[in-house]
Amino acid sequence: EFRRVLFRSIWTQDYPRADRHFVLALRRLTRIDVRSVEQPINLDDGGEFDWPWLYAVQAGRWQLTDKQAAAMREFLLRGGFFMADDFWGEDDWATFMASMKKIFPERDAVELANDEQIFHSVYDLDDRYQVASQGSVNMGRTWKCSPCPDHWRGIFDDHGRVMVAITFQSDVGDSWEWADAPSYPQEYAALGIRIGVNYIVYAMTH
């Protein structure tokens, strides 16, 4: 199931076009029974525990309340999975981590090694690269800030399971949104979809 989680951020970035394209890819490439439409989730309203996989875009803009952080902590420790995508630069990272520290003051985000199972659950993704936004492509580059190389980070639970996957300084959501656009390069669409498939299959099996 594809679920977006709502925070105090511009969560509708790429929505719903990215979600629906990605759902189509999941149906074609996996045996996961996926709903045809996305479901926004607001942590203030509850209901996050009904879904195993949550996605947020522009996570460098979020500001979780204590109540929202407590709900997210419980969701993740129950076995839920969260993907944070499309945020750039040290200021965005600091804002993101300020809320993550509300959720998990005792846990740090770390760089994920190439041999982590999340990169090999369906596709072997040793050779990852920065996934460009459509806007960056139009400007002839991959990045939204400089210097800002891609990072593939995560937060683990006590059993070694990645429960938060962070595509920092890449725009995986745009690779889903623009996957069918002739102007958007195939190499970004293909990698972005493979990343998403791997992350969902990993979440369903770990």
Could you give the distance from [atom1] ([X]) to [atom2] ([Y]), rounded to the nearest 0.5 Å?
X: Q134; Y: Y184; atom1: CD; atom2: OH; value: 7.5 Å
X: L112; Y: F119; atom1: CG; atom2: CZ; value: 4.5 Å
X: L29; Y: L24; atom1: CG; atom2: CG; value: 10.5 Å
X: R27; Y: I32; atom1: CZ; atom2: CD1; value: 12.0 Å
X: Q68; Y: D45; atom1: CD; atom2: CG; value: 9.5 Å
X: M97; Y: F168; atom1: CE; atom2: CZ; value: 11.0 Å

Are side-chain heavy atoms of [X] and [Y] found at a separation under 4.5 Å?
X: R161; Y: Y202; value: yes
X: F82; Y: I103; value: no
X: V23; Y: E38; value: no

Over all atoms of both residues, closest heavy-atom pair of [X] and [Y]:
X: A69; Y: L64; answer: CA-CD1, 4.2 Å
X: L76; Y: M163; answer: CD2-O, 3.3 Å
X: G173; Y: A18; answer: O-CB, 3.4 Å
X: G89; Y: Q169; answer: N-OE1, 3.0 Å
X: A84; Y: F96; answer: CB-CE1, 3.7 Å
X: M204; Y: P52; answer: CE-CG, 3.4 Å

Filter on salt bridge (Lys or Arg N to Asp or Glu O under 4.0 Å), then keep only pairs touching [range], sequence neighbours left out; what's left?
range: residues 135-144; result: D86-K144, K144-D171
range: residues 173-186; result: R17-D180
range: residues 197-206; result: none
range: residues 109-127; result: E111-R153

With sequence neighbours excluded, what pairs up with D66 under the side chain to side chain donor-acceptor pair (under 3.5 Å) test?
none
Return the set of residues passing side-chain contact (heavy atoms from CB on, under 4.5 Å) with S170 (not counting sequence neighbours), or none when no residue passes.
Q130, V131, D150, W152
Could you pull out all residues at least two apart from R78 that satisfy side-chain contact (heavy atoms from CB on, under 4.5 Å)?
F49, E74
Partner residues of F75 under the ring-ring contact (aromatic ring centres under 6.0 Å, His included) criterion, sequence neighbours left out
none
Tell me, please, which residues at least two apart from H120 pass ring-ring contact (aromatic ring centres under 6.0 Å, His included).
none
What do the steps show when you test L191 against L125 for side chain to side chain contact (heavy atoms under 4.5 Å, CB included), and what is the final call?
CA-CA 8 Å; L191 177 59; L125 299 177; 4.1 Å; yes
Return each pair, listed once, that meets side chain to side chain donor-acceptor pair (under 3.5 Å) where at least one residue sits in residues 185-201; pairs must be two or more places apart or across chains.
none
Tell me which pairs pass side chain to side chain donor-acceptor pair (under 3.5 Å) where either residue lies in residues 93-107, with sequence neighbours left out.
R73-E106, K101-D108, R107-D158
Just wondering, more than 12 heavy atoms not from D91 lying within 6.0 Å of its CG?
no
Would you sort out whether M83 and V172 count as a side chain to side chain contact (heavy atoms under 4.5 Å, CB included), showing the intermediate values?
CA-CA 10 Å; M83 178 179 174; V172 175; 3.9 Å; yes
When you measure from the side chain of W176 to the backbone N and O of G192, does any donor-acceptor pair fall under 3.5 Å?
yes
Dump the intermediate steps for side chain to side chain contact (heavy atoms under 4.5 Å, CB included) on L43 and M72, then the final yes or no.
CA-CA 7 Å; L43 292 174; M72 182 63 98; 4.3 Å; yes
Can you list the other members of the hydrophobic cluster that holds W88, where links are side-chain heavy atoms under 4.5 angstrom apart?
W143
Tested for side-chain contact (heavy atoms from CB on, under 4.5 Å) against F87, the lone hit among T167, V57, I166 is I166
Criterion side chain to side chain contact (heavy atoms under 4.5 Å, CB included) on F81 and I200, from CA distance to verdict
CA-CA 8 Å; F81 185 93; I200 281 191; over 6 Å; no
Taking the six-membered ring for Trp, are F22 and W53 parallel (under 30°), tilted (30 to 60°) or perpendicular (over 60°)?
tilted
